[in-house]
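Right, one structure below, let's go through it.
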Amino acid sequence: MEKIDLKNLRNIGIIAHIDAGKTTTTERILFYAGVIHKMGTVDEGNATMDWMAQEQERGITITSASTACFWKSKKINIIDTPGHVDFTIEVERSLKVLDGAVVVLCATSGVQSQTETVWRQADRYKVPRIAFINKLDRLGANFDRVLGEMHDRLGVNAAAIQFPDATEDAFCGIIDIIDEKYYLYKDEKGEQIEVLDVPDQYKEKLEECKHVLLERLADADDTIMEMFLEEKDITPDDIRQAIRRAVVKSEFMPVLCGTALRNRGIQLLLDAIVDYLPSPVDVPSVTGINPANPEEELIRETNVKSPFSGLVFKVATDPYVGKLFYTRIYSGKVESGSQVYNSSERVKERIAKIVVMHSNKQEIAPATEAGDIVALIGLKNTKSGNTICDPNNKIILENMKIPEPVVSMAIEPKSKADQDKLGLTLRKFLDEDPSLRVIYNHDTAQTIISGMGELHLEIIIDRMKREFGLETNIGRPQVAYKETIKKSLKGVVGKFVSQTGGRGQYGHVVVDVKPTDEAGSGFVFINKIKGGSIPREYIPAVEKGLKSGALNGVLAGYPVTDFQVTLVDGTYHDVDSSELAFQMAAKVALKEALLKGKSIFLEPVMDIELVCPEGFMGAVLGDLNTRRARIVNLGTRANLKTARCEVPLAEMFNYANALRSLTQGRASFSMEPAFYAEVPQFVADKIIGARDASLSKK
């Protein structure tokens, strides 16, 4: 691997809404940089960065792919990210380790839902950006409208540094505002470019655009502001230097244009990447904490002399070499065969091999150093989000934000022989994908997988079949309802008497039962037996019987929770009493209490946080009201509306799709369990009816 000066390195990502043209743009970048010699397309399924079978079949990017190229003596590490909201974790972890990003926008669709989402993600990690308005050759393309949407929807200080000479089928050239030149594309491959003076019909627009550019740049750069106010001559070099300073500070975004599919504007985009996006030394040094003292903050300078540190931001499985650990090296250097320390898991690891990734192909490197993005092979206990570092200079770097899953489904193998295989396979996917969750619900005896959307889970199921030969059945998970007692009761009697010829069974208990004051307290048992009315050795049997009886309530067989039972009295028989008899007596007493104490259903209630453009909030809140939601808080975040609410889980199945339909895909939400609450009577009647119908079928 050729050694590169850190100032000549660019670690960038291509981010956008689905179908804005990210993968096609990356394909053209690789072609003009000389990495590939034939341009593939997403439609034909032969794009370099979309290597998974599922990506080629569906024509979408599912997993972020890494590659590298050179342009004007600068090395560019590129990560092409997915645009679909279901794979947002791929964008999240890529932005966490990148120094800059190219935001691709469609000239017809403009700023779309996932554009807003990836924009917020880039804001979270303070990633400097430039914009590329793509697909100017399409019907309905409008460069100025999209630029306006960027100001209105994203609230960004952006200005064009280029504009197209025309749009749709007539688009054949680009006017450079800084150098005041016209780039005419003369061939289909976009390699024959003639640089001309700006045509007369565009000179007035050029002056207008240049004035807007300098005004917006002056807002972000003091040097340009002084020159602008003093009416000094501002040279193209002055503008370029000011743009770079402002972009690195994330205070300005230059906007470029072109059409990747028809090979126009890509070389100018490459120029902008190396001219304006930061190198690893332009961004702040990485900070972390001391594993031995979490209060102590540590800084790692971005150079080879600092102690080694890196963040494993992605784990992928390769059929030939096993697991690949994609890692951003923040400081120091490390060689293959070296021992490193995983400070997140507190274990030592050995790096067997270091490879530079070109999509799904690998190039072996003997060593790696600060600023690089590489894949490591041979780590055993490392997971996505872990920090690896010098064993003598330990540090834990900040992990990425893992989004909460929003869609769940039940899964089981088609044959019982594959039960263990299912567990092993799911464990592999969990190592790769932090946004995937797997739980075993003891209440419903189901394995539940949860992810970012139905497509996310569909891809997981498909990969199980293709990569591991595992056939599965899937279904909607049941809601884990519970029951509890509503009314306090005193002196509830439970008696179990059995006489079958020989020795009989006799148990008799008297209990007080009441609901607990605190939700989520479960079952509380208090023994107040005095004077030996029940021998001490039978008290644990009473508690065991109550716990056993609480597993199945009287309404529909759901577990009973949040109740307190006090054992106050009882009797026993010298010969016939036994632990079993007192267990059965306790069950009888609990059943009697539930019947007399007006047992009710409890349902899991979810805490929902929703972010939505203002124009759609009325429809979203109306829909939430039909789902029995309780609005807790309404607010504003930048140019978006937010809502916090509590909604029963039973009403939230398929909500992700419903929300996308209501908001044209421009809203997002997160959901997590909050508490259990009483079910309204009409819902309780439905639950009992469904349970009765299920039992009658059996």
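Excluded from the calculations below are hydrogen atoms, water molecules and symmetry mates; all remaining heavy atoms, backbone and side chain alike, are included.
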Without hydrogens or angle criteria, can the side chains of Ser578 and Gln505 be said to hold a donor-acceptor pair below 3.5 Å?
-> yes
Residue pair Lys587, Ser548: steps toward the side-chain contact (heavy atoms from CB on, under 4.5 Å) verdict | CA-CA 7 Å; Lys587 280 187 176 182; Ser548 176; 3.0 Å; yes
Locate the shortest heavy-atom distance separating Cys645 from Leu624; write the atom from each residue and the value.
-> SG-CD1, 3.9 Å
To the nearest 0.5 Å, how far apart are CG in Leu659 and CG in Leu610?
-> 5.5 Å
Take Leu436 and Leu457, measure what side-chain contact (heavy atoms from CB on, under 4.5 Å) needs, and give me the verdict at the end.
-> CA-CA 9 Å; Leu436 181 69; Leu457 298 182; 4.0 Å; yes
If only atom types and distance count, is the side chain of Ser344 paired as donor or acceptor with the main-chain N or O of Thr387 below 3.5 Å?
-> yes
Are the side chains of Val542 and Phe525 in touch, meaning some heavy atoms are under 4.5 Å apart?
-> yes
Report yes if the side chains of Ile474 and Ile461 come closer than 4.5 Å at any heavy-atom pair, otherwise no.
-> yes
Just by modelled atom types, is the Val111 backbone N or O under 3.5 Å from a matching donor or acceptor in the Arg153 side chain?
-> yes
Minimum heavy-atom separation for Leu662 to Val620, with atom names?
-> CD1-CA, 4.4 Å
Do Glu579 and Tyr538 have side chains that get closer than 4.5 Å, going by heavy atoms?
-> yes
Per-pair distances, 0.1 Å, donor-acceptor, side chain in residues 487-496, under 3.5 Å, sequence neighbours excluded:
none

Hey, what do you get for CG (Leu426) to CD1 (Ile411), rounding to the nearest 0.5 Å?
-> 5.5 Å
Please name the pair of heavy atoms, one in Ala643 and one in Leu634, separated by the smallest distance, quoted to 0.1 Å.
-> CB-CD2, 3.6 Å
Are Asp431 and Arg427 within salt-bridge range, i.e. N to O under 4.0 Å?
-> no
Just by distance, do the side chain of Arg627 and the backbone of Glu651 share a donor-acceptor pair under 3.5 Å?
-> yes
Is there side-chain contact between Phe523 and Gln564, with at least one heavy-atom pair below 4.5 Å?
-> no
Arg120 vs Val611 side-chain heavy atoms within contact, under 4.5 Å | yes
The reported gap from CD in Glu345 to CG in Asn386 (rounded to nearest 0.5 angstrom) is 4.5 Å
Side chain to side chain, Val438 and Thr447, heavy atoms closer than 4.5 Å | yes
Test side-chain contact (heavy atoms from CB on, under 4.5 Å) applied to Leu105 and Thr115, step by step | CA-CA 8 Å; Leu105 299 106; Thr115 317; 4.0 Å; yes
Side-chain contact test, heavy atoms from C-beta onward, threshold under 4.5 Å: evaluate it for Val127 versus Lys96 and give yes or no.
-> no
Verify the neighbour count for atom OH of Tyr572: are there more than 12 heavy atoms of other residues, nucleotides or ligands below 6.0 Å?
-> no
With Lys591, which residues qualify under side-chain hydrogen bond (donor to acceptor under 3.5 Å, both in side chains), at least two apart?
-> none
Just checking, is any N or O donor in the side chain of Ser599 or Lys486 under 3.5 Å from an acceptor N or O on the other one?
-> no
In Å and rounded to the nearest 0.5 Å, what is the CD to OG distance from Glu537 to Ser577?
-> 9.5 Å
Please check if atom CD in Glu614 has more than 12 non-hydrogen atoms from other residues, nucleotides or ligands closer than 6.0 Å.
-> no
Do other residues, nucleotides or ligands put more than 12 heavy atoms under 6.0 Å from the CG atom of Asp517?
-> no
Salt bridge or not for Lys428 and Glu432, using N-O below 4.0 Å?
-> no
Report the distance from atom CD1 of Ile485 to atom CG of Leu590, rounding to the nearest 0.5 Å.
-> 8.0 Å
When rounded to the nearest 0.5 angstrom, what is the spacing between CG in Leu95 and CG in Asp123?
-> 10.0 Å
Just do the side-chain contact (heavy atoms from CB on, under 4.5 Å) check on Lys641 and Phe616 with the steps written out, would you?
-> CA-CA 9 Å; Lys641 292 292 181 183; Phe616 299 102; over 6 Å; no
Heavy-atom pair of closest approach, residues Met150 and Val156 | O-CG1, 3.4 Å
Heavy-atom check, side chain of Ile529 versus side chain of Ile539, under 4.5 Å = yes
For Ser384, check side-chain hydrogen bond (donor to acceptor under 3.5 Å, both in side chains) against everything at least two apart and list the hits.
-> Arg93
Ignoring hydrogens and geometry, is there a side-chain-to-backbone donor-acceptor pair from Thr425 to Lys421 under 3.5 Å?
-> yes
Examine Lys482 relative to Tyr676 and say whether NZ or CZ is less than 6.0 Å from the centre of the six-membered ring and inside a 45° cone about the ring axis.
-> yes
When every non-hydrogen atom of Leu602 is compared with those of Glu678, the smallest separation belongs to CD2-N, 3.7 Å
Mark yes or no for whether Glu646, through its side chain, and Val605, through its backbone, hold a donor-acceptor pair below 3.5 Å.
-> no
Distance flag, aromatic centroids of Phe582 and Tyr506, threshold under 6.0 Å | no
Between His508 and Ala585, which heavy-atom pair has the shortest distance, and what is it?
-> N-CB, 4.1 Å
Start with the C-alpha gap between Glu603 and Arg628, add the side-chain angles, then the distance that decides, and say whether salt bridge (charged side-chain N to carboxylate O under 4.0 Å, His left out) holds.
-> CA-CA 12 Å; Glu603 63 181 345; Arg628 301 189 281 127; 2.6 Å; yes
Using atom types as modelled and distance alone, determine if a side-chain donor or acceptor of Asp562 lies under 3.5 Å from a backbone N or O of Thr484.
-> no
